[in-house]
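Some notes on the structure that comes next.
Whatever order the structure lists them in is the order used to number ligands and atoms, beginning at 1. For the single chain, residues carry numbers from 1 onward in sequence order. Note that this is a predicted model, so its numbers are computed, not measured.
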Amino acid sequence: MFFQKKGEALTIDPLRLPKHIAIIMDGNGRWAAKRAVPRKAGHKAGAEALERVITEAKKLGIEHVTVYAFSTENWKRSDEEVAAIMDLLRQYLKNSFQRFLKDNVRMQVIGDTTRLDKDIQDQIQEIEEKSKTKNGMTVHIALNYGGRDELCRCVQKIARKVANEQLTPNEITEETIGSFLDTAGVPDPELVIRTSGEKRISNFLLWQVAYAEFYFTDVLWPDFGKKDLEKAIYYFQNRERRFGGR
Ligand code: IPE
Ligand code: IPE
Ligand code: MG
């Protein structure tokens, strides 16, 4: 846990920013419950928080942000809630991401998109294509994403290569595995943020977080803003990262 002393200023060193921040955006439901509004309203406020945080991260100079928007387990929620989240996603891809494009932001999706509605798959393809030359920062959205599902799909791809004699078992290295994950070519997240007080990984980026720093905050995702992002980065910059050495 991280405590900021009253009046203590948070000085962020612009030369030691995490290249990649991954965020488990949790607490939309509790935010809504606190206000006695439908869960859907919580997700809407969460989408607005995301827009804020992307804008701030870009201003700070963060290169990659990966956000957990919908997990492979979230299908267990009511049909009504899943439909509400998917509708918000449609709007997000249509509005917010068109604005980000103008701001030189690239968008990529990780996860198994084949289970999403066809119109959403088309929207994703269009934005990924339109944004692929943008180099301001990259936002990776995890949709129908699960770390275990990603590893299964990765192993299947590698097994196919071996079956076709394009690869031998001894040639399978950590780099090989990394190159068949959805995050191929993207540096591992150095900082993982989870909001709403839960301290678990919930099947997010299992392989990639091997040496990430974790920042947990009780702030509910819809309330998360610039100050909270700065606090998380300040926390990161005050960790001693050892990577197994001494
Ligand atoms: C996170 O908020 C959004 C998604 C998982 C889609 P939750 O909906 O999990 O909010 P809580 O955990 O119920 O408060
Ligand atoms: C993790 O949050 C998934 C997303 C933020 C999309 P959940 O609310 O689904 O996770 P659990 O159920 O608390 O582990
Ligand atoms: Mg939750």
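- Scanning the protein for heavy atoms near atom 2 (O) of ligand 2, the closest one is R194 NH2, 3.7 Å.
- The shortest separation from a heavy atom of E198 to ligand 2 is not under 4.0 Å, leaving the residue out of contact.
- For the pair R241 and F243, the cation-pi criterion (under 6.0 Å, within 45° of the ring axis) is not fulfilled.
- The environment of NZ in K134 is crowded: more than 12 heavy-atom neighbours from other residues, nucleotides or ligands sit within 6.0 Å.
- Per-residue contacts place I85 under 4.0 angstrom from the following atoms of ligand 1 (heavy atoms of the residue considered): 6 (C).
- At least one side-chain heavy atom of I233 sits under 4.5 Å from a side-chain heavy atom of L229.
- Salt bridge D87/K40: absent, no basic N to carboxylate O contact under 4.0 Å.
- Under the 4.0 Å criterion applied to side-chain N and carboxylate O atoms, E48 and R52 are not assigned as salt-bridge partners.
- Annotation: atom 6 (C) of ligand 1 to nearest protein heavy atom, A69 O, 3.4 Å.
- When heavy-atom distances to ligand 2 are checked against a 4.0 Å cut-off, A142 has no atom that comes that close, whether in backbone or side chain.
- Remark: distances from the non-hydrogen atoms of G27 to ligand 1 include one below 4.0 Å.
- The Y68 neighbourhood of ligand 2 comprises atoms 3 (C), 4 (C), 5 (C), 6 (C), with distances under 4.0 Å to a heavy atom of that residue.
- Distance from atom 1 (C) of ligand 1 to its nearest protein heavy atom, with residue and atom name: M25 O, 3.0 Å.
- When all heavy atoms of L93 and I127 are compared, the pair lying nearest together is O-CD1, 3.1 Å.
- Using a cutoff of 4.0 Å between basic side-chain nitrogens and carboxylate oxygens, K226 and E230 are scored as salt-bridged.
- Smallest separation of non-hydrogen atoms from L191 and Y215: CD1-CB, 4.0 Å.
- There is no protein heavy atom closer than 4.0 angstrom to atom 12 (O) of ligand 2.
- With respect to atom 14 (O) of ligand 2, the closest heavy atom belonging to the protein is S202 OG, 2.6 Å.
- Looking at atom 9 (O) of ligand 2, its nearest protein heavy atom turns out to be N74 ND2, 2.9 Å.
- Under 4.0 angstrom from ligand 2, there are no non-hydrogen atoms of F204.
- For E198 and R30, the salt-bridge test passes: some basic side-chain N is under 4.0 Å from an acidic carboxylate O.
- The ligand atoms of ligand 2 that sit less than 4.0 angstrom from a heavy atom of F70 are 6 (C).
- Taking the charged nitrogens against the carboxylate oxygens, E56 and K59 do have a contact shorter than 4.0 Å, which makes a salt bridge.
- D26 has its closest N, O or S atom to the Mg ion (ligand 3) at the position named OD1.
- Shown here for L10 and K231, the closest heavy-atom pair between the two residues is CD1-CG, 3.4 Å.
- For atom 5 (C) of ligand 1, the nearest non-hydrogen atom of the protein is R77 NH2, 3.4 Å.
- Closest heavy-atom contact between C154 and I177: SG-O, 3.6 Å.
- If you check which protein heavy atom lies closest to atom 10 (O) of ligand 1, you get G29 N, 2.9 Å.
- Inclusion of E198 in the first shell of the Mg ion (ligand 3) is not supported: no N, O or S atom falls under 2.8 Å.
- Of all protein heavy atoms, the one lying nearest to atom 3 (C) of ligand 1 is N28 ND2, 3.5 Å.
- In summary, the atoms of ligand 2 found under 4.0 Å from a heavy atom of R200, numbered by their order in the structure, are 11 (P), 13 (O), 14 (O).
- Atoms of ligand 1 lying under 4.0 Å from at least one heavy atom of D26, given by number and element, are 1 (C), 2 (O), 7 (P), 9 (O), 10 (O), 11 (P), 12 (O).
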